[in-house]
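Residue numbers count from 1 along this sequence. As the structure is a computational prediction, the values presented were derived from the model and not from experiment.
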Amino acid sequence: MDIVQVLREDYERFPVNQTYSIYAEKVFFQDPLNRFQGVERYKQMIVFLERWFADLKMDLHDIQQNGNSIRTEWTLKWRSPLPWQPKIAITGWSELQLDATGLIVSHVDHWHCSRWDVLRQHFWTRDEG
């Protein structure tokens, strides 16, 4: 299994049909809003995103593997379920750690913006340029 290729394909079709078998059962996940352990909880988070946000898309800009570490650069976009349906975008990166069997045991997301910047996008339009 080429985990980098699997991740590329998962990003391309996100949030649909994600390959959860590449994650260890007790995978650690963290982003600026969440911190938990377990692949089942990870699945629940993806289902929540898919259910509540329209036009959900993840653009992969770069992916690099160095031994047991993988780093991805991405932009997550969606339309919020508010009456005016603002378009939201977060750029960031993920740091993934693999165990000796090649499963992801840690997935830590970082944003290039603050939580305040994300909240602000819901109320002030930005130049779509």
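Contact check for V108 versus F28: side-chain heavy atoms found under the 4.5 Å cut-off. A heavy-atom distance below 4.5 Å is not found between the side chains of D55 and K77. Using a 4.5 Å heavy-atom cutoff, the side chains of L7 and L96 are in contact. Side-chain contact between L49 and P15 is absent, with no heavy-atom pair separated by less than 4.5 Å. Within the 4.5 Å cutoff, the side chain of W74 has heavy atoms near those of the D109 side chain. You'll find the side chain of I22 reaches within 4.5 Å of the side chain of D10, heavy atoms only.
For the pair L56 and E50, the tightest heavy-atom approach, listed with the atom from each and the gap, is CD2-N, 3.9 Å. Between V39 and Y20 the shortest heavy-atom distance is CG2-O, 3.9 Å.
Between the OG atom in S94 and the CD1 atom in I63 there is a gap of 9.0 Å [rounded to 0.5 Å]. Going from atom SG of C113 over to atom CG of L119 covers 11.0 Å, rounded to the nearest 0.5 Å. In this structure, the separation between CH2 on W116 and CD on Q121 is 12.0 Å, given to the nearest 0.5 Å. Distance CZ/R120 to OG/S114: 6.0 Å, rounded to 0.5 Å. Atom NE2 of H110 sits about 7.5 Å away from atom CZ of R71, to the nearest 0.5 Å. The distance from the CD atom of E95 to the CD1 atom of I70 is 12.0 Å, given to the nearest 0.5 Å.
Heavy atoms from other residues, nucleotides or ligands lying under 6.0 Å from CZ of R115 number 12 at most. Counting non-hydrogen atoms of other residues, nucleotides and ligands closer than 6.0 Å to CG of N66 gives a total of 12 or fewer. The number of heavy-atom neighbours closer than 6.0 Å to CD of E12, taken from other residues, nucleotides and ligands shown, is 12 or below.
For Q97 (side chain) and V105 (main-chain N/O), no donor-acceptor pair under 3.5 Å exists by modelled atom type. Between the side chain of R79 and the backbone N or O of Q85 there is at least one donor-acceptor pair closer than 3.5 Å. Between the side chain of Q65 and the backbone N or O of G67, at least one donor-acceptor pair lies under 3.5 Å.
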In sequence, state the C-alpha distance, the side-chain angles, and the governing distance for L103 and I3, and then conclude on side chain to side chain contact (heavy atoms under 4.5 Å, CB included).
CA-CA 9 Å; L103 293 177; I3 193 152; over 6 Å; no

Quick one: do F14 and L76 satisfy side chain to side chain contact (heavy atoms under 4.5 Å, CB included)? Show the steps, please.
CA-CA 10 Å; F14 183 85; L76 177 63; 3.8 Å; yes

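Defined by atom type and a distance below 3.5 Å, a donor-acceptor pair is missing between the side-chain atoms of Q44 and E40. Using modelled atom types, one finds a donor on one side chain and an acceptor on the other under 3.5 Å when comparing R13 with T19.
In terms of hydrophobic clustering, with Ile, Leu, Val, Met, Phe, Trp and Tyr side chains grouped at heavy-atom distances under 4.5 Å, V118 and L33 are assigned to a common cluster. When hydrophobic clusters are built by joining Ile, Leu, Val, Met, Phe, Trp and Tyr residues whose side-chain heavy atoms come closer than 4.5 Å, directly or via intermediates, V27 is grouped together with V4.
For the side chain to side chain contact (heavy atoms under 4.5 Å, CB included) with W111, the qualifying choice from I90, D117, T91 is I90, the only one to do so. Shown are F29, W93, F36; of these, the ring pair (Phe, Tyr, Trp, His ring centres under 6.0 Å) with H107 is made only by F29.
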